[in-house]
Every structure is written in C-alpha cells, then in structure tokens.
Amino acid sequence: MNWCPELGTVLANEEVIDGKSEVGGFPVVRKPMRQWMLRITAYAEKLLADLDTIDWSDSLKEMQRNWIGRSEGAEVDFQIADCRLPIADSKIRVFTTRPDTLFGATYMVLSPEHKLVDQITTPEQREAIARYKTQIAGKSDLERTELAKEKSGVFTGAHAINPVNGERIPIWIADYVLASYGTGAIMAVPAHDTRDFEFATKFALPIIEVVKPSECDGARAVPARSAPVRSGTHEHSKNSVPNDALRPGTGRAPAEAFCELGVAINSSSTEFSLNGLPTAEAKKKITAWLEEKNLGKKSINYKLRDWLFSRQRYWGEPFPIVWKKDAAGNLYHEALPESSLPLLPPSLEDYKPTTDGQPPLARAKDWLNLPDGSVRETNTMPQWAGSCWYYLRYLDAKNGGAFVGKDAESYWMGTTGCKLKVESCKSDSSAPQPATCNLQPATPGVDLYVGGTEHAVLHLLYARFWHKVLFDLGHVSTAEPFFKLVNQGLILGADGQKMSKSRGNVVNPDDVIEEYGADAFRLYEMFMGPLQDTKPWNTSGVAGVYKFLGRVWRLFVDEPSETEFEQAETTADCSRGCESAESRALTSAATKLLNLIKLNAAIKDVAATPAQLKTLHACIKKVTEDLDGMRFNTAISAMMVFVNDAIAWETKPVAVLREFLILLAPFAPHIAEELWEKMSKVQSPKSKVTDAGSTTLDIGHWTLDSLPYSPWPKFDPALLVEDTLEIPVQVNGKLRDVIRVPAAADNATIEAAALASEKAKPYLAGKTIKKIIVVPKKLVNIAVA
RNA sequence: GCCGGUGUGGCGAAAUGGCAGACGCACAGGACUUAAAAUCCUGGGACCUUCAAAAGUCGUGUCGGUUUGAGUCCGACCACCGGCACCA
C-alpha cells in the first residue's frame, strides 16, 4: 500500500470559521504536524480513465473529472536575472497549459508562500513584501477567497528572463497564485488570461497579444458564441470581455484578445517562431523546443491532492505502525507483522487529546510503549477507512483470516468471464472496440449502488481508489467496485426546502409509519416521482397511497359488518399490561376479529375472462418493465389501474389476484404477504395444482408456495392484442376525429376510413390533399393545402 | 464565472417524434349517514360561446428552426436547483 509519512505543514482548519472552531468556538491555530497521507494522486489517471467503463450518471462522472482536474501543459524554467542576488543562478519553474503564449508572458507571479520569495526580494522591497505576507498569513483560506474580487500583490524587486525572447520581466507575489497547485508560480500572460489581465491592468504591467483569434469573428461576440472545441484540459479563461474603460491603451479589440483558440502572432525570436501556427500546433512546437533546449518539458497537473489520512481522535482504526530509532538516533517506522493484526484501540478513561496536543491514544502508556523500546503510532484513521471497503467485508463478514475470502470475493464481485474481459481490454489497446468493456451482461463488481450525490467526490472517489489498489495487488477481481450507480433524489420538506432541524421542516419516518404503516410510507416514496428527481414531501400524498392499499385490501377481503366488529372490539378493548385473564380474553377477541375478516365473496376459483387477462397482463408488462428501469412511480400507477378495474369485477378469479399480489409484493410486502396467506387458506386444492412447480415444502418460515418463492409472472403479448383500434385522425396535425378500425386493417383501409370521417370532412372541403400519413396502429394525418 | 441538471394543470407527475395531462393529491357535486368520518359514484388545463350541450381558439419557461406532425429533435435565451470556484 502507499502509506507515506510526510512531515509538513498541515492546515488544521477543516472546521474553521473566522478562526474559531464550528463547535464550541475555540480558537484555531495552524501548526506543523506529522500526518499520514495516501498517495491517491498516483491513481489520478486510472480514476479518470476508468470512469468510461462504469454506468454512472454523466453529472456524477463529470463531478469526479472536475475534482481530479487533469490539466495538460508544460513546465517552463525562468532564469532569475538579478546578479545582485545571492541566488542569481536559480530558476523559477512554472506550470502552464498554454506554453504557446510564452512570448506574451510579461511578468511572473509567485504565491506568497513560495520558497524563493525571501531570497529574491530586493532590499528596497523587503518591507512591502513582508507586510503583504503577514497580511495574507493572518487570513483564513475562506477570507482569502472572499477577498478575491480585487487583485492584490507586491513587486519583489527581482526580474527573470523569458526563455523564448530573453526579455527581462518583473517578478511579483500575489495571493491569486496558489502555493498548492502546479509549482506555486506562474508566468503571467495578461492578453489571454482574465486574472492576469485584471492584475496587469491594476498594476500597469505590459500586455502583449500573441494569439490572433481565428474562429471567433465579431468584435464583442465571444461570450455569446459557442467556443471552439475544448480539448478537455483547463485552458485559460475564454470569457469575460473587459470594459473599454478597464482596457489598457493598447488599442486592441478586447473581444479578440480573450478569444481562446487561434493562430500565434508576435511570437518570434531570432532563432524561433510560432507565428501563423494554430494553437494546438504552436503548443507542440514550443514544447518540443523547450525540451530540446532543456528549458522545460511536457507536464500534467491535477487538482486532486494527496489524501490526508490521519485524525487526532480516539474513535478510528489505529495505524498498525511502530516508530523506532536507528543507531544514529534517527526515527523510522515499521509496519506491525500480520500476526499482530487486527490492531485494536486501547481502553481509555479519557478520550480527549493530551494537553500538549498529542492524539488521545498517547494517553494509553501501556499500549503505547512496546517491550523492545519502539513506540506505536497514535493517530487514527478517518471514517473513510471503513466506508472504503465495507461492501467487500459484507461478502464474507465472519472470515477471521482475511478481509474477504478469495472464493466469496470472486463469487459475488466478478465472474471469471468478466475479469478476463476487463483485463484483455486493458492490455490490448489495439482492440478495435473498447466498448466491449462496458455493460457486459454479467456485471462485475457491485451490480447496483443507490446513494446520494453528496458522496460524489469523496466516498465514491476514495472507495474507487482503495478498490483499484486492491485490484493491482490481486486481492479483488475487478478494477472498479461499483458497476452501476443511481443517485436517488433528495426528498425536500413540505415547504420545498431541504429538510433541516433549523428550518423545522423535518418529517420523521417513524411518525409517518405510526400513522399509515411501513407499506404506505414505502409506497409513497416510490410513487412521488422518478427515483433520481428531487421532490418535496407531501403528507397527503401518503394518505393517497394509503387509500390505494385500502382498496387493495377490500379487493381481497370482506370487512366484517359494523355490528360484528363492535361486538368483537368490545371484548378486545384492553390496553397493554392487562392481567393474564384479560390477556387471554384479548387473545380470543383478536382471534374472533381475525375470523370476522373473510375473503371477498367475489373471489372464485374460475377461469379468467379475456378482458380480465388483458388487464392483468397489461399490468404485469408495465410493472416488470418499470421495475427493470427503476421507474417505480409508473409501476405503481399501473397497479392502481389494475385495482380500479378489478374492484368492479363481479367475479374475481383466484389465479389473477394471486399474480397481482406477486407484483405488489416488492412495493408493499407486508400487505401482500398478509393477503397471500389469506388466499392460501381458502384456496381450493385445484388451483394449487395449477400453479406450476408449486409444492408444499417446508423450509423454515416460508414454504415453496409462499409469496417470496413464487415465480415472477410472465406476461403474454398475445393476450394484449386488440381486436379493434382507435385511430386519431388529424388534418394538418390537428386532431379532428377518432375512428375505430379492425386491428388487422391495412393502411389503405385505414386511409379510406379516415377520409370518410364526417368530422374530418369539413376540414378537407375545397382543399387539395397533398399527402396522407398513416402511422400503423397509431394515427392518420392528412396534409392539405 | 465554469460544469451538470430541471422547467408540463391549484399540487406530485405521465407521455419509443403521433389523441398532452395517465395515475394520484387537493377541490367541487352526488350517494350512504340523524350527522360527521370512512367508503362509493361523477366532474375537471385555460379561454370563448351556450339554459345546456356540441363546436371553436389557445396551451408543456421564452424566441426561432427542422418535420406531414414537436413536451420530445436543433439553435439562441430566461429562470430555478446541485457541484466546483483565482487550479495558471
């Protein structure tokens, strides 16, 4: 694994607001701490590329792509040009995605934290630089970004040499350059970058245009028009046309100056020229030249940072690491042997960090110090350590020898066939269609993961990373953990706002279940709209599906008469805590009540009529297809249609109702099971026999003919065929009539029937028929002029 | 600012380029009831006529386009939601 200890500055400001902790309001200070990092950046490329092999929403994939933030460009070295300085031989390295604009680099900017700042600052600028750095250091990161509207910075007094044309350019520091990205230093090209432009304008720095826009015509049209195709990398800004008032007196049209792609101009030296080259080619040429002259090289940068993986808390997995000293007294670390795993946290009376800022585990002196003089690591892992692999542990939760057994892993997470496909696809890049890696019928990994978007860039990226490491080490069968992922939409409060305690709009499921039952609650959540959509909660909607379940109930059973019910209820009226005699009375009353509930008298063991079969099979078709597509809302409405129809049947065939219960079971399992049981009790032996493959075999609580073991109904398309069809007749696309024709009618017959329509005729009178479109089984449209 | 998503009745929504509003909520009228609740039946996009009905016109965020036909496809825009945000 890529555990890597790093000594460095860690900003302990995760929960900082204005320098105070979010909970408790304690002052927050930054201090250097030894922390563990996971080198997730080493997997940036794989994490990015393999997004193409999984079935996730585009928006989620895009979020991960943006988070990884791959940028292709070049690193370029600028020689420092002040011989007065003691480090005159040093170079400043910058990263740029637009090496082709190097001739337009008119100044440089270092982040205030850049390690060369103090060394290059000239004596006369020292005070101003120090003041700026102090000012920046006193601000939280949040304040720094909030104040970003106005550019600020200070000249260091030093200069550097632009390697392509030998120009002396000033070196500034400014907080718009981040220490943590790229090299912490930039070459500024104000003619082609909004931020550089703002800065140059404010501090009167020169602006030289080096790209002539080729595809953006029109003086001010840039932001309105679609930009030329982007390469997917992070280019310089392509919008923000500055005002004339802001524009320096160069006389150039600002719209053109900010066009993204074009042809290089003003880009030549005595030995080298980019002029006339389109941006893409100019990039290639200058990068090759820089590499040849040893002035720079092609480079790829990521926004993704290595992952700070230690916490100073008690509750977390302790690192299985000990610290030792070598002969010279230098500290080094070793992993515990496997025989010492798993490493459990020690018992503590006090879970707080020590007064000198050590993690809580440092309090466990007996645990901390080992007999051989080595000392345990006291940081603990964050909660991600569990969420990154729990799905693997679930496969083999009781395995004491491994995190997951080989057999269990390959059985659940992959098939041999799948694994081969993934691998052959990876190793053989010349394979003609990489699409064969995608969407194989036997899906590798977790087949379906339903989760919220809040996990888009943390959990879902971290888990993919861990899984890939395990894959590369040969512990798992697939390169990706979650094959298909669906983001369920957020359920908002009744006021259309996100539920939160502070808004007081939280709906507690327990309360809803108390009033309407778990079936109604579950059904409503599925009925309210598409799974992926955000939608507001509406309690009267629960009442609606509750009513539907009531209709289902009455479709199957005859309620006792009010008198019967009241008689039984009187005896049963006993709250909890009855004496045992009363309890017995209660039990017998409850039995009485149950006996009063009888199967609907209309339910008979008879053959279904064609109309009934049609209703049933239309429902089977819709529910089956919608379940596959996770369109639960429309599946439920199909069942409502069925019930509305079936409740009016004078005779209700047992076999039809049984199949309906199987459809209902995934949506409302409790009521479905209850009704199924009632049906079984009164079912005649004859209908039991007709159920294919159903024998009474006791397997614990359920028998093979109980609901969960019943085969899912198959719909028969032949039963859905209509004898006659209703065909709308349109004239010039407007509905004028609906005609009935035999289902077997050919186009000519339908056309003739449409032309004969009394209602359509007035719209045809005196017009020339240009064309008649007959859409088989759908409609007729008569185009007239 | 950038990226992604969503716009359809009073509300949640439905509709392989082919009858817009299925299904449900809320509402209105009726039945049952002493009454209410529950249940059952009926109605319903807007507008315009009409005693009533039929007919008609308009209608899926806005403007334009493609098409015999557009909620659906294309272009531009607007609004809202989510994510990222000085990432060179």
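Just the heavy atoms: all of them, side chains too, but no hydrogens, waters or symmetry mates, feed the values below. A note on names: the letters A, B, ... follow the listed sequences, proteins ahead of strands, and every chain is numbered from 1.
Using the Watson-Crick or G-U wobble rule with both distances under 3.5 Å, A76(B) pairs with U62(B). Nucleotide C84(B) is matched to G1(B) when pairs are restricted to Watson-Crick or G-U wobble geometry with both distances under 3.5 angstrom. Within the shown strands, nothing qualifies as a pairing partner of A54(B) under the Watson-Crick or G-U definition with both distances less than 3.5 Å. G43(B) is paired with C27(B) under the Watson-Crick or G-U wobble criterion, all donor-acceptor distances under 3.5 Å.
Between the Asn162(A) side chain and the Leu102(A) main chain, a donor and an acceptor come within less than 3.5 Å of each other. Not one N or O on the side chain of Asp737(A) forms a donor-acceptor pair closer than 3.5 Å with the backbone of Val729(A).
Taking atom CG on Leu458(A) and atom P on G83(B), their separation rounds to 12 Å, with Å as the unit. A88(B) atom P lies 14 Å from atom CG of Asp100(A), rounded to whole Å. Taking atom CG of Leu460(A) as the reference point, atom C1' of G83(B) lies 14 Å away to the nearest angstrom. Between the CG atom of Asn732(A) and the P atom of G18(B) there is a distance of 19 Å, given to the nearest Å. Rounded to whole Å, atom C1' of A88(B) lies 14 Å from atom CZ of Phe199(A). Per the geometry, CD belonging to Gln730(A) stands 7 Å off P belonging to A20(B), to the nearest Å. Atom C1' of nucleotide U39(B) and atom CZ of Arg554(A) are separated by 6 Å, given to the nearest angstrom. Leu492(A) places its CG atom 10 Å from the P atom of A13(B), with the value rounded to the nearest Å.
Phosphate contact (OP1/OP2 of A88(B), side-chain N/O of Ser71(A), threshold under 4.0 Å): present. The shortest distance between the side-chain N/O atoms of Arg551(A) and the OP1/OP2 oxygens of C40(B) is below 4.0 Å. Side-chain N/O atoms of Arg65(A) include none lying less than 4.0 angstrom from OP1 or OP2 on G4(B). Dashed line: the shortest gap from a side-chain N or O of Arg736(A) to OP1 or OP2 of G56(B) is under 4.0 Å. Listed pair Tyr763(A) / G56(B) meets the phosphate criterion, a side-chain N or O lying under 4.0 Å from OP1 or OP2.
Considering only side-chain atoms of Lys303(A), the nucleotide from A14(B), C19(B), C84(B) that sits closest is C84(B). The side chain of Lys778(A) approaches U16(B) more closely than any other nucleotide in the set C25(B), G12(B), U16(B). With A13(B), A88(B), C40(B) as the choices, the nucleotide that has an atom nearest any side-chain atom of Asn633(A) turns out to be A13(B). Closest contact between the side chain of Glu726(A) and the listed nucleotides G56(B), C86(B), C19(B) involves C19(B). The Thr634(A) side chain lies nearest to A15(B) when the options are A15(B), C84(B), U68(B). Residue Met528(A) has its side chain nearest to G12(B) when only C23(B), U68(B), G12(B) are considered. Ranking G56(B), A26(B), C19(B) by closeness to the Leu735(A) side chain, first place goes to C19(B). Considering only the side chain of Asn644(A), G24(B) comes nearest among G24(B), C19(B), G56(B). Minimum atom distance to the side chain of Met63(A) is reached by G83(B), of the listed G12(B), G83(B), C23(B). Between A88(B), G18(B), A26(B), one nucleotide has an atom nearer to the side chain of Ser540(A) than all others, and that is A26(B).
Among the heavy atoms of the strands lying under 4.0 Å from Ser637(A) is at least one base atom, whether or not backbone atoms are also near.
Position along RNA chain B of the nearest nucleotide to Gly184(A) versus Val641(A) favours Val641(A) as the more 5'-ward residue. The residue among Lys535(A) and Ile647(A) whose nearest nucleotide of RNA chain B lies closer to the 5′ end is Lys535(A).
Between Lys202(A) and Glu150(A), at least one side-chain N (NZ, or NE/NH1/NH2) sits under 4.0 Å from a carboxylate O, which counts as a salt bridge. The pair Arg65(A)-Asp58(A) does not count as a salt bridge, with every side-chain nitrogen at least 4.0 angstrom from each carboxylate oxygen.
Looking at Met63(A) and Asn66(A), their side chains never come closer than 4.5 Å, going by heavy atoms from C-beta outward.
Taking the syn range as angles within 90° of 0, the glycosidic angle of G9(B) is syn.
Contacts classified as salt bridge (Lys or Arg N to Asp or Glu O under 4.0 Å) and involving residues 520-545 of chain A (residues at least two apart or in different chains) are not found. Within the structure, the side chain to side chain donor-acceptor pair (under 3.5 Å) test picks out the following pairs touching residues 546-557 of chain A (sequence neighbours left out): Arg551(A)-Asn644(A), Trp553(A)-Glu559(A).
Taking atom P in both U8(B) and G61(B), the straight-line distance is 6 Å, to the nearest Å. Annotation: A79(B) and G21(B) have their C1' atoms spaced 23 Å apart (nearest Å). Remark: the separation of the C1' atoms in C78(B) and G64(B) is 15 Å, to the nearest Å. Remark: the separation of the C1' atoms in U72(B) and U16(B) is 11 Å, to the nearest Å. G44(B) and U34(B) have their C1' atoms separated by 32 Å, with the value rounded to a whole Å.
Glu198(A) and Tyr176(A) share no side-chain donor-acceptor pair at under 3.5 Å.
Side-chain N/O atoms of Lys151(A) and base N/O atoms of C86(B) include a donor-acceptor pair closer than 3.5 Å.
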